[in-house]
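These values consider heavy atoms only, across backbone and side chains, with no hydrogens, waters or symmetry-generated copies. Proteins come first, then strands; the chains are lettered A, B, ... in the order of their sequence lines, and each starts at number 1.
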There are 2 protein chains.
Amino acid sequence: MNIKGVNLGNWLVLEKWMSPALFEGTTAEDEYYLPTQLSPEAYEARIKIHRSEYITERDFVTIKSMGMESVRIPVPYFIFGDRKPFIGCIEELDKAFNWAEKYGLTILIDLHTVPLSQNGFDNGGISGVCKWAQNPDEVEFALSVLERLAKRYGNRKGLFGIQPLNEPITENMWETMDIQNRYAPADQEMAKGSAPITMKFLRQFYLDAYDRISAYMPKDKYVVIHDGFELMEWKDFMQEEKYSNVILDTHQYLMVAEARGCSQTIEGYLKYIREELEPQITEMEKYFPVICGEWCLFNSLACGCDTKGGQSVLNGVEGSRQESFSPEKKKEIYEALAKAQLELWEKGSGYYYWSYKLLTDTVNTPGWIGWDSWDLGRCYDFGWFPADKGGC
Amino acid sequence: MNIKGVNLGNWLVLEKWMSPALFEGTTAEDEYYLPTQLSPEAYEARIKIHRSEYITERDFVTIKSMGMESVRIPVPYFIFGDRKPFIGCIEELDKAFNWAEKYGLTILIDLHTVPLSQNGFDNGGISGVCKWAQNPDEVEFALSVLERLAKRYGNRKGLFGIQPLNEPITENMWETMDIQNRYAPADQEMAKGSAPITMKFLRQFYLDAYDRISAYMPKDKYVVIHDGFELMEWKDFMQEEKYSNVILDTHQYLMVAEARGCSQTIEGYLKYIREELEPQITEMEKYFPVICGEWCLFNSLACGCDTKGGQSVLNGVEGSRQESFSPEKKKEIYEALAKAQLELWEKGSGYYYWSYKLLTDTVNTPGWIGWDSWDLGRCYDFGWFPADKGGC
């Protein structure tokens with residue numbers, strides 16, 4: 001198994017930096033606060049038009065033509081429409097399955113948010129809060145969502161698998177990302193008691209999720225578990241035959257390497273990829289198929305400034321206002337990083353790029369030079385990402 | 001001069017069939033009636049999100065990578081925001097100029113609608129009504145919009161030219177399209193007195209528009225006049241040296257050929273293109289640079305049913321519910337028609353495909369099989385349209 005895919009980020013789970021117009025006129029930093037600052041009518045109109053336009057049939061055609069085989073679709077915990085005021089989006093996922101099957105792609109369903117959050121990231125749904133794991137009712141709710149997803153799509157040809165939880169944060173990453181400073185909570189009271197998730201909790205959750213999902217999903221579909229940012233800690237987990245359809249997912253961004261001191265040069269990045277990442281992935285591949293479910297070409301070097309671990313003007317870090325490199329030089333940087341990373345994911349069991357599309361405007365909004373590298377469509381069209389025309 | 005380009009249809013001027021979600025929950029068939037059936041808040045939210053997501057920087061990157069040189073942007077008469085309840089969109093056009101200039105594309109600004117309409121098409125803004133030319137105040141208003149556009153963009157590097165009016169309808173096409181039956185007016189009273197535009201009026205309008213635009217636009221930019229669906233009637237018009245920067249624009253759709261009896265076979269279409277269209281275009285090229293400002297690969301043959309001149313389920317014509325041909329056979333049809341048409345436009349002075357993008361869902365909505373051929377992005381990704389990677 002070696003999968004080539006791309007994430008459909010910001011379609012059903014919002015991230016402000018990827019489509020700022022959705023948040024215009026509000027001070028909301030995340031999806032949780034958006035409906036608190038808009039009338040129900042305006043909220044619904046924004047969300048519905050966004051969902052109907054951001055990803056459509058034509059994108060599945062494009063993704064197939066890029067040579068991709070699969071899409072990872074982040075979904076929110078309110079996908080079934082049972083958590084007001086949020087609006088469900090199961091119909092959108094239904095449509096996506098029909099598109100995927102028509103054009104020969106598969107879907108990895110990724111539960112990207114849970115109530116009270118599993119990481120405190122803005123993309124976890126509510127910045128600076130991480131209390132889900134402490135709340136048994138909400139843990140059960142997440143399991144029930146997974147169960148319903150498995151029931152609905154378990155036997156679909158277009159299903160690649162289900163990922164029970166995106167990026168549950170454990171202690172080391174909690175500190176690296178300095179969560180409650182980088183993602184300041186809007187409501188200090190609600191954030192109080194937030195803490196990283198323990199490995200012990202996470203293991204039990206994955207065991208439970210596996211059983212709940214497997215009741216409705218045949219063995220030729222995958223259960224994909226995120227490593228909790230501790231790639232090497234899973235050697236003794238789910239090694240029994242029963243779990244033969246489990247994939248280990250690790251997210252590897254160069255900006256995190258930068259935050260840990262990787263030098264911001266082509267050589268620095270390549271050294272990191274080859275000398276730090278590669279041994280870990282090849283080692284873990286002995287225990288699980290290992291995919292890199294999120295990565296991209298973004299790096300501070302091509303931005304022309306230190307982004308302090310991938311922080312943008314939204315985090316108060318001023319970006320570059322003009323290009324620091326010629327288009328040729330940028331291409332050289334990105335091509336080298338694409339090649340090295342793709343080679344590594346090939347040694348594992350494949351990848352999903354983050355992300356297929358973002359609306360970030362590097363021309364009309366100051367400080368965003370270099371952020372277009374998060375957008376696979378643009379990387380592909382610029383020639384930064386190697387073309388592998390699959391054809392439809 | 002030989003221009004390769006594509007229309008950014010349905011971005012700033014709406015067409016229901018190209019993004020049905022914008023019209024959901026209303027009975028509006030056109031842009032005019034949309035705000036009458038939505039609250040101001042919901043209307044604004046839908047329009048703003050649509051504009052911010054439908055066309056963005058990344059689309060300019062894609063268009064450039066397809067080898068295109070120019071985009072034709074349909075704009076509404078209310079672009080400056082002075083015709084309530086419609087919402088202006090000059091900021092969107094400003095952004096487009098910045099994107100175009102960054103990525104080496106040019107823009108043809110196309111005034112696509114005028115108050116009370118110049119053609120009665122849904123895409124003229126108000127179905128079944130065609131009374132603009134009878135109203136001198138509104139004729140003057142259109143001229144003032146053109147003047148303001150020339151003033152704002154006349155000296156921009158990214159400006160290709162300005163088209164004073166899209167598809168003013170004259171007598172023959174008025175009858176061929178059977179306007180008031182095909183595009184039934186919502187308000188019979190308002191539609192009363194609608195009539196095709198006379199060639200005499202149109203000529204005078206173009207002369208006036210030329211002078212008003214030229215006051216603010218240097219001679220190296222073009223004034224593009226639509227032929228009013230009478231390609232051969234312009235031999236004695238604007239032949240003086242003064243008008244050396246005028247381009248004649250003709251729109252040529254195979255569905256119109258079908259409505260006039262062209263046989264729905266590859267041979268029939270090729271015969272029409274080579275024996276009927278080609279002599280006209282090469283003849284008129286003696287008088288003006290002639291571009292085909294709208295055309296596409298859409299045809300009834302590939303749809304698998306007679307669309308009666310390009311009518312869809314929205315016009316009450318049932319389309320195909322499943323594919324009639326294999327992907328290989330469809331590709332063969334479209335490739336042949338692309339080749340023949342592109343060869344012809346090359347003998348003229350170039351083309352703009354209609355359109356770059358549409359959201360029509362051929363998988364989840366019955367009856368739309370074959371309508372994806374209006375979408376250059378999909379045609380390109382399917383390999384129906386010849387790839388000519390320009391690179392960015």
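With a threshold of 4.5 angstrom between heavy atoms, A:S52 approaches chain B through its backbone and through its side chain. Looking at B:D361, the atoms closer than 4.5 Å to chain A (heavy atoms on both sides) sit in the backbone and in the side chain alike. Proximity to chain B (any heavy atom under 4.5 Å) is shown, for A:K331, by neither the backbone nor the side chain. Heavy atoms closer than 4.5 Å to chain B are found in both the backbone and the side chain of A:N98.
Cation-pi geometry between A:R58 and B:Y356 is met: the NZ or CZ atom falls under 6.0 Å from the ring centre, inside 45° of the normal.
Contact of the A:Y54 side chain with the B:Y54 side chain is not registered, since no non-hydrogen atoms from C-beta on lie closer than 4.5 Å. Taking 4.5 Å as the limit, every side-chain heavy atom of B:T62 sits out of range of all side-chain heavy atoms of A:Y380.
Atom NE2 of A:H50 and atom CD1 of B:I49 lie 8.5 Å apart (nearest 0.5 Å). Once rounded to the nearest 0.5 Å, the distance linking CG of A:N364 with CD of B:E91 reads 10.5 Å.
Residue with the most contacts toward chain A among B:E24, B:R46, B:E44, B:K357: B:K357 (heavy-atom pairs, distance under 4.5 Å). Ranked by non-hydrogen atom pairs under 4.5 Å with chain B, the options A:S39, A:A21, A:G377 are led by A:S39. Ranked by non-hydrogen atom pairs under 4.5 Å with chain B, the options A:K95, A:E53, A:E41 are led by A:E53. When the candidates B:T360, B:D375, B:D372, B:T56 are compared by the number of heavy-atom contacts under 4.5 Å with chain A, B:D375 comes out ahead.
For OH of A:Y32, the number of neighbouring non-hydrogen atoms (other residues, nucleotides, ligands) closer than 6.0 Å is 12 at most. Within a 6.0 Å sphere centred on CD of A:E318, other residues, nucleotides and ligands contribute 12 heavy atoms or fewer. Counting heavy atoms of neighbouring residues, nucleotides and ligands inside a 6.0 Å radius, atom NZ of A:K48 does not exceed 12 of them.
Evaluated for a side chain to side chain contact (heavy atoms under 4.5 Å, CB included) with B:E57, the options A:T362, A:L359, A:L358 yield exactly one hit, A:T362.
Comment: B:E323 engages A:K102 in a salt bridge, judged by a side-chain N to carboxylate O separation of less than 4.0 angstrom. Ionic pairing of B:D381 and A:K64 is not present here: no N-O contact between side-chain nitrogen and carboxylate oxygen is shorter than 4.0 angstrom.
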